[in-house]
Amino acid sequence: ADSSDADVELPTIRHQPEGLEQLLAQTKFTKTELQSLYRGFKNECPSGLVDEETFTLIYSRFFPQGDASSYAHFLFDAFDADRNGALCFQDFAVGLSVLLRGTEQQKLKWTFDLYDVNKDGCVTKEVTVGNTVGLVGWGHPDGVLPAPCVPQDMLEIMKSIYAMMGRCTEPALGASAPAQHVELFFQKMDRNRDGVVTFEEFLATCQE
């Protein structure tokens, strides 16, 4: 290999133990593509790790007309597969491979996991007022949601998307637009009307 190849050998970054051969097996990128991706990753993040603040700053460059910080938080969580609060090149490459080269079902699963804020295996519509931090444990199909409840989980994602789009929306949308989008989502996806959407329901509806 020439010096440029040697410069992007993946194990050289102490925060990234995965070797090039392992990433070739884990992703659908070629060696050349991985090396090109790694050059860009290393340029933005010399330490080999991206925290959420840095990720948000980078992502926000693509949406200068709006506020992308909230959506970037959800996106960061989706890429952070091992839930350690930082993205390494492996997290980035594997997630990007699914989005760009994955099967339809793999892409839909990645999208579903993005919407599944509390990572409990289903997309919830309601959480208890005053207990929104973390959202852990709320909305399981076999659980009982205490009252009073407000549409919060899915609503936060929708609000973040509308905030990110900012002035791009024509005509301008009212404050109630995110909540209306949530209602439409659940009307279409929640097949058994239990207030949560499982991956099976999400997949079946998207593939119709």
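As the structure is a prediction and not an experimental result, all values here were calculated from the model. Values below: all heavy atoms of this structure, side chains included; hydrogens, waters and symmetry mates excluded.
The CG atom of L37 sits 14.5 Å away from the NZ atom of K42 when rounded to the nearest 0.5 Å. Q105 contributes atom CD, which lies 5.0 Å from atom CZ of F199 (distance to the nearest 0.5 angstrom). Within the model, atoms CD of E52 and OG of S69 stand 9.5 Å from one another, a figure rounded to the nearest 0.5 Å. Expressed to the nearest 0.5 Å, how far CZ of F92 lies from SG of C45 amounts to 9.0 Å. For the atom pair K159 NZ and S70 OG, the distance stands at 10.0 Å (nearest 0.5 Å). The OH atom of Y162 lies 5.5 Å from the NE2 atom of H181; values are rounded to the nearest 0.5 Å.
A donor-acceptor pair under 3.5 Å is absent between the side-chain atoms of D91 and the main chain of G95, judged by distance alone. D51 contributes no side-chain N or O that, together with a main-chain N or O of F55, makes up a donor-acceptor pair within less than 3.5 Å. Within the 3.5 Å criterion, the main-chain N or O of A163 finds no donor-acceptor partner in the side chain of D67. Judged purely by atom type and a 3.5 angstrom limit, D80 has no side-chain atom pairing as donor or acceptor with the backbone of L87. Without hydrogens or angle criteria, S36 side chain to E33 main chain gives no donor-acceptor distance under 3.5 Å. Proximity of a side-chain donor or acceptor of S97 to a complementary backbone N or O of A93 within less than 3.5 Å is not detected. At least one donor-acceptor pair under 3.5 Å links the side chain of E201 to the backbone N or O of R191.
The side chain to side chain contact (heavy atoms under 4.5 Å, CB included) search around Q187 returns E183, L184, not counting sequence neighbours. For the side-chain hydrogen bond (donor to acceptor under 3.5 Å, both in side chains) test, residues two or more places apart in sequence or in another chain that qualify with K109 are D113. Legend: residues meeting side-chain hydrogen bond (donor to acceptor under 3.5 Å, both in side chains) with E53, ordered by chain and number and at least two apart, are absent.
Note on V94 and L20: separate hydrophobic clusters, where clusters join Ile, Leu, Val, Met, Phe, Trp and Tyr whose side-chain heavy atoms are under 4.5 Å apart, directly or indirectly. Hydrophobic clustering (ILVMFWY, side-chain heavy atoms < 4.5 Å, transitive): L114 and I58 are in distinct clusters. Residue F62 is grouped with residue M164 when hydrophobic side chains (ILVMFWY) are merged at heavy-atom distances under 4.5 angstrom, including chains of intermediate members.
Residues A68 and F63 share a closest heavy-atom pair of CB-CB, 4.2 Å. Here the closest heavy-atom approach between residue L24 and residue L34 is recorded as CD2-CD1, 3.7 Å. For Y115 against V123, the heavy-atom pair with the smallest separation is CB-CG2, 3.8 Å. Across L99 and K107, no two heavy atoms sit closer than the pair O-CE, 3.3 Å. Between R83 and D77 the shortest heavy-atom distance is NH1-O, 2.9 Å. Nearest heavy-atom pair across Y59 and A72 is CD2-CB, 4.0 Å.
In this structure, F79 and W110 have perpendicular ring planes: the angle between them is above 60°, well past the 30° mark.
Side-chain contact between C206 and E104 is absent, with no heavy-atom pair separated by less than 4.5 Å.
Other residues, nucleotides and ligands contribute only 12 or fewer heavy atoms inside 6.0 Å of the NZ atom of K188.
Between the side chains of R101 and T27, no donor-acceptor pair is found at a separation under 3.5 Å.
With L23 as the partner, the side-chain contact (heavy atoms from CB on, under 4.5 Å) test is satisfied by one option alone out of F29, F89, Y38: F89.
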